[in-house]
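Taking it in order: structure first as structure tokens, then the write-up.
Counting convention: from 1, in listed order, for ligands and their atoms alike.
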Amino acid sequence: MEIWQKILQASLTRPADLVRRFGVDSRPLEEVAERYPMRVNPYYLGLIREVNDPIWRQAVPSVEELQDSVCPADPLEEENQSPIPNLVHRYPDRVLFLVCSECAMYCRFCTRKRKVGGEQMTITRQSIEAGLDYIRRHPQIRDVILSGGDPLLLADEKLDWILRELRAIPTVEIIRIGSRIPVVLPQRITPALVKVLRRYHPLYINTHFNHPDEITETSARACGRLVDAGIPLGNQTVLLRGVNDDPQVMKRLMQKLLAIRVRPYYIYQADMVQGTDHFRTSVEEGVEILRALRGHTSGMAVPAYVIDAPGGGGKIPLLPDYLQSLGTEVVLKNYLGDTYTYLNPERRQEDEERRRAANGHR
Ligand SMILES: *Cc1c(COP(=O)(O)O)cnc(C)c1O
Ligand code: SF4
């Protein structure tokens, strides 16, 4: 057995397992863990400094999960936009393809809380073949995002098979993997895994760091291995109350990500997912965080802040009010709040005509 498999196997899966180590009363949590699975592996557990800190809050069940009376189970209507089980086709040219139902840790704020790690998500060889088949029959799909659950929890051979089948589809230009493994179980990024992945370029991985304390020597090494294999790494952070809802924490996280060669891609406003209401912050707080980043630190450390629209509308970007007015004069506000004016050139007749003619030829 490999090291990462041993770590995974030693995961705490029952609230009672927490009592010895932290002395908390775990009884109220039993019901929570019945409803939503718990898995805290020893590596991630080791990052906890004290009860209820940002690492704890992401990993350990809370009674608040059962008190949520606001949020629906599937706010993004992924099930409605699934032409076949385990594949979400929301946008014209790309799909989300769920290939693994398990994760190396069950994050308490997960958007797919309704199904990860349970019976609601059955992924079989047949369901994966059906997904591959769907992608083959829809040549407009040029970007496939492997997700789950966590695709990097699959065995090397299984992943190799999926990637090989995808690469054999000529209309698939890029493959992306969404994975929290570099954060929660970095030991899984073995040389053998990297050897598999690097065969299928252009391959991108978006990982999911939420707090600077998650950037350790081990996770930095895992990310370095992937980047050294030519895999660009991006990061998708979820804005979470009591975890990273602080401009200084978020800035530090973005800066530390760049230092380990991970490029911030998105900050998500927390989805309205049943059992996660206690994690949601106001949108104003998100806008303030973005304002605290732009101009105040490297532009490369500034991701897009988005709300994944309830009802399946997709990701919608939110920006502080830099654009004050648009017209012959464009009035702008910079990161310090000072006002500047840019003179807009007049739209010329011939440009308009050229544009119209070009559109006509389509
Ligand atoms: C997020 C998401 C994508 C990818 O969106 P990008 O903005 O291209 O990263 C694709 N499909 C679904 C269903 C998604 O939720
Ligand atoms: S790793 Fe991702 S899919 Fe798995 S529980 Fe965490 S957020 Fe959800």
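Listed as neighbours of ligand 1 are Val88, Arg90, Tyr91, Arg94, Leu96, Ile145, Arg176, Tyr265, Tyr266, Lys315, each bearing a heavy atom under 4.0 Å from the ligand.
Under 4.0 Å is where a charged nitrogen must lie from a carboxylate oxygen, and between Glu31 and Arg35 no such pair does.
For the 3.5 Å distance criterion, the side chains of Tyr43 and Thr216 qualify, holding a donor opposite an acceptor. Inspection of the Asp245 and Thr281 side chains reveals no N or O donor paired with an N or O acceptor under 3.5 Å. With hydrogens and angles left out, the side-chain atoms of His208 and Asn206 include no donor and acceptor closer than 3.5 Å. A donor and an acceptor atom, one from each side chain of Thr339 and Gln324, are nowhere located under 3.5 Å apart.
Here Leu336 sits in one hydrophobic cluster together with Tyr335; the rule is ILVMFWY side chains under 4.5 Å apart, joined directly or through other members.
Between His138 and Phe97, the gap from one ring centroid to the other reaches at least 6.0 Å.
Applying the salt bridge (Lys or Arg N to Asp or Glu O under 4.0 Å) test to Asp68 and every residue at least two apart in sequence or in another chain returns nothing.
In the displayed structure, Arg49 atom CZ is contacted under 6.0 Å by at most 12 heavy atoms of other residues, nucleotides or ligands.
Listed by chain and number, Cys103 SG are the protein N/O/S atoms closer than 2.8 Å to atom 4 (Fe) of ligand 2, with waters left out.
Under the 4.0 angstrom criterion, atom 6 (Fe) of ligand 2 counts as having a protein heavy-atom contact.
When every heavy atom of Ser179 is checked against every heavy atom of Ile181, the shortest pair comes out as OG-N, 3.0 Å.
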